[in-house]
Amino acid sequence: MFSFRPHLDVNCDFPFSSHTCDHLTVISIQTATRPNRCERYLSRTLVLLHQTEMDMSILPSTSQGSFCTSRSQPFVVHRLSWKGLPSPQPRAAEIICRTIAGERPQVASSPAGSNGTQPNVAPSSSRTSVCVPEDFVLSPGELSPVNRTGLDLPEDVFRCFGCTQAACQGPDGCAANKWRFEADGYLREILTARVYDVAIQSPLEEARKLSEAVGNKILLKREDLQPVFSFKLRGAYNKMAKLPAEARARGVITSSAGNHAQGVALAASRMGCTAIICMPVNTPEIKVANVRKLGGQVVLVGESYQEAQAAAVARAAAEDLTFIPPYDDPYTIAGQGTIGDEIMRQVSDPDKLDAIFVPVGGGGLIAGIAAFTKALKPGIKVIGVEPTGANAMAISLARGERVALSRVDAFADGVAVKQVGQETFRLCRELVDGVVLVDNAAVSAAIKDVFNETRSILEPAGALAVAGAKAWLKRHGMKGSTVVAVTSGANMNFERLRLVAELANVGGRTEATITTTIPERPGAFKEFITTALSSDSDLSVTEFKYRYSAGSTAQVLWGAGIRCHDQLTMLLDRLNAAGMTSTDISGLEVAQVHLRHLAGGRARSYTGRIENEKILQVVFPERPGALRRFLDVISPAWNVTLFHYRNSGNRESSVLLGVQVPPYEEERFQAALHSLRGHGEESFAFKELQGAVREVFDKFIQ
């Protein structure tokens with residue numbers, strides 16, 4: 001179910017926009033006529049705001065009705081508007097918001113002139129609502145609502161970066177690109193876009209294994225195969241190709257920490273112009289090197305993307321360079337829209353295409369695809385996909401205004417955008433059918449799905465559309481449908497592969513992470529494994545973290561390979577019925593990232609050390625029944641004090657084993673190990689940790 005928890009919920013038919021102030025705020029409405037109506041409006045608003053437990057008072061009613069609020073802490077107060085009031089409306093009305101706090105001077109907008117004209121006040125970024133990503137929740141596969149009407153706020157109107165031209169400050173915004181409001185404006189620009197000097201027509205391929213698994217045909221639009229392994233070069237090149245020759249001669253500048261930077265650098269090198277790329281100082285060296293290799297002049301500036309963008313915009317104005325936006329520009333959008341054109345040409349029968357799933361960051365890609373697709377085939381759904389921790393477009397569409405996120409999850413860094421574009425938001429509000437949210441585990445599972453199909457490794461942002469398509473098809477019980485998922489990029493950081501691998505099986509619902517409480521006594525380990533696996537031959541242990549505890553019970557963190565949710569439910573029922581309390585923690589991403597590496601650490605021993613404990617590295621064959629065969633020999637003959645295992649995906653995996661062996665049992669213990677060594681694929685190998693190596697391990701496990 002869709003839910004949203006705003007800071008202040010006002011159920012009123014009058015439109016409001018948020019504004020945050022300190023200590024004391026005076027809000028007044030100046031009106032030339034009907035002051036009694038103004039008072040009634042304010043009184044009604046006071047009742048609504050009173051629910052927020054503010055201290056309020058209403059000033060005497062005159063030709064200017066007003067009220068003030070005060071509070072010792074910052075609060076949210078809603079700007080009042082006459083829009084939406086029943087006729088007749090006042091001849092002129094204006095809103096003034098003054099903030100009084102401490103010794104700071106009062107600041108107010110200029111009042112309306114005697115002729116009733118509105119003051120020309122530039123939109124302020126402070127009006128933007130700031131939202132917490134976790135406050136907006138959708139069920140897996142659920143489409144976000146779309147407010148088609150919207151609030152039409154001035155700050156949501158598109159203007160080019162740094163534009164100060166008077167003609168562009170009106171309610172329609174940019175006056176240089178009026179074609180964007182025409183019925184076939186974007187269709188015409190997409191069909192005439194200049195992209196194929198640098199881009200290829202990427203293939204549209206069926207993901208056969210995945211299609212069979214979900215019972216629907218999933219087609220992959222392989223933008224990860226572009227020369228810079230991303231779709232971004234389409235929009236960048238088209239924007240630059242549309243510039244006047246003299247503007248290109250002066251050079252271009254942009255800000256980016258990834259794919260857009262490479263697209264601009266490649267486009268500039270093909271056009272023979274200078275490209276300055278402002279990147280944050282913490283950008284990985286491999287990305288900096290890739291941009292320089294493509295001919296871009298890299299300038300490292302700022303600690304974040306926002307600081308790098310501010311520096312780029314300032315330098316563009318100072319040096320008369322053209323700033324190339326990563327997504328919020330009509331020509332950039334048109335360049336990305338050529339993907340929609342290709343999909344319509346490549347799909348065998350557009351009338352049988354049900355939906356196109358598109359990853360969403362700033363919105364340029366989905367805006368372009370939706371503009372083309374809806375112009376030709378309005379019945380085809382165009383659905384955006386965002387991470388749950390970077391859901392700026394989903395919230396903006398639901399509220400009817402662009403919002404800024406308080407923070408973003410950088411796992412899918414290619415779409416980690418705090419605020420969507422102005423023009424992209426306008427198009428998405430009109431054309432997009434909704435947004436699906438997916439978590440990092442689902443994205444990781446989608447990366448694995450595409451790897452199994454193509455042997456290509458997508459970056460997290462590049463796999464979003466696949467994850468969203470799977471979730472949407474499952475939620476709606478679709479069978480026999482045909483959908484397209486745009487695989488938008490493959491610029492994966494190698495260091496991230498480990499985390500993706502850890503999350504992939506959980507996201508694909510093929511592995512469960514479980515915590516179990518077992519008795520702390522010899523033989524309990526074997527009893528636990530017998531209970532868990534004895535009645536289900538298809539169940540496999542994928543991970544096991546245990547360390548000795550001096551109490552009566554011990555905690556085990558382990559993983560199980562599963563086929564379906566029912567199999568997991570029966571497993572938990574068996575263990576709980578046997579008195580081994582077990583909990584599924586697969587949905588806790590923090591456990592996947594951190595807890596699994598903390599579990600099985602230092603022993604809980606009254607003496608500080610475990611007497612007669614041997615620590616061995618065991619090479620374990622990854623074969624069914626290997627664990628039970630091992631325990632049949634070792635337990636309960638000797639007390640297992642440490643077991644640290646994770647399936648590596650190889651034929652063999654390494655296990656760290658702790659076991660108590662009194663000196664008089666040494667000979668029998670060695671004989672037991674010898675019986676397990678054997679030969680062939682089912683053999684074990686043992687190496688005891690001794691000397692300096694054991695000293696290092698003892699610092700952390702004793």
Side-chain angles (χ1 to χ4, degrees), residues 1-7 129-146 357-363 365-366 383-399 402-420 425 428 432-450 458-476 485-489 496 499-500 502-509 511 513 584-595:
M1 177 182 292
F2 158 75
S3 64
F4 180 72
R5 301 192 300 274
H7 295 289
S129 300
V130 178
C131 298
V132 179
E134 293 80 7
D135 284 347
F136 186 89
V137 181
L138 295 174
S139 300
E142 180 183 5
L143 279 184
S144 67
V146 180
F357 290 84
V358 188
V360 178
L365 178 60
I366 191 170
I383 298 173
V385 188
E386 288 184 308
T388 54
N391 51 5
M393 184 64 82
I395 298 178
S396 297
L397 292 178
R399 291 179 59 133
R402 289 189 315 135
V403 303
L405 298 180
S406 60
R407 60 181 180 274
V408 291
D409 182 356
F411 178 75
D413 57 347
V415 294
V417 174
K418 285 191 173 182
Q419 187 176 37
V420 301
F425 173 67
C428 289
V432 169
D433 293 277
V435 176
V436 171
L437 302 181
V438 293
D439 61 22
N440 294 342
V443 174
S444 299
I447 293 174
K448 182 177 180 180
D449 290 332
V450 176
L458 299 178
E459 62 185 281
L464 273 175
V466 176
K470 290 170 59 182
W472 184 79
L473 290 168
K474 180 178 180 180
R475 177 179 178 83
H476 295 279
V486 180
T487 56
S488 59
R496 191 174 295 179
L499 177 57
V500 170
E502 295 285 4
L503 295 175
N505 288 337
V506 173
R509 304 295 189 267
E511 181 183 27
T513 304
D584 174 24
I585 61 169
S586 305
L588 298 179
E589 184 176 321
V590 67
Q592 312 301 325
V593 177
H594 296 291
L595 182 60

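Note that this is a predicted model, so its numbers are computed, not measured. If you read the sequence from its start, that first residue is 1, and numbering goes on from there.
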First locate atom [atom1] of [X], then atom [atom2] of [Y], and finally report the distance between them rounded to the nearest 0.5 Å.
X	Y	atom1	atom2	result
Q419	C131	CD	SG	10.5 Å
T513	L588	OG1	CG	9.0 Å
S144	I395	OG	CD1	10.0 Å
S406	K418	OG	NZ	7.5 Å

Does [X] reach the side chain of [Y], with side-chain heavy atoms less than 4.5 Å apart?
X	Y	value
N440	P460	no
V403	S396	yes
I383	V436	yes

If you take all heavy atoms of [X] and [Y], which pair is closest and at what distance?
X	Y	answer
A392	E386	N-OE2, 3.5 Å
C428	M393	SG-CE, 3.7 Å
P133	R407	CG-O, 3.2 Å
V360	V415	O-CB, 3.3 Å
T487	V466	CG2-CG2, 4.1 Å
V435	L397	CG2-CD1, 3.9 Å

* To do: Only counting residues at least two apart or in another chain, list the ones meeting salt bridge (Lys or Arg N to Asp or Glu O under 4.0 Å) with D433.
  => K374

For [X], check side-chain contact (heavy atoms from CB on, under 4.5 Å) against everything at least two apart and list the hits.
X	result
D449	L210, K470
A463	V443, A446, I447, L458
P140	none
T388	L437, D439

* What do the steps show when you test V438 against L464 for side-chain contact (heavy atoms from CB on, under 4.5 Å), and what is the final call? -> CA-CA 8 Å; V438 293; L464 273 175; 3.5 Å; yes

* To do: Just jot down the side-chain hydrogen bond (donor to acceptor under 3.5 Å, both in side chains) partners of K448, sequence neighbours excluded, or say none.
  => N505

* Between N391 and L405, is a side-chain contact (heavy atoms from CB on, under 4.5 Å) present by the stated rule, with each step listed? -> CA-CA 8 Å; N391 51 5; L405 298 180; 3.7 Å; yes

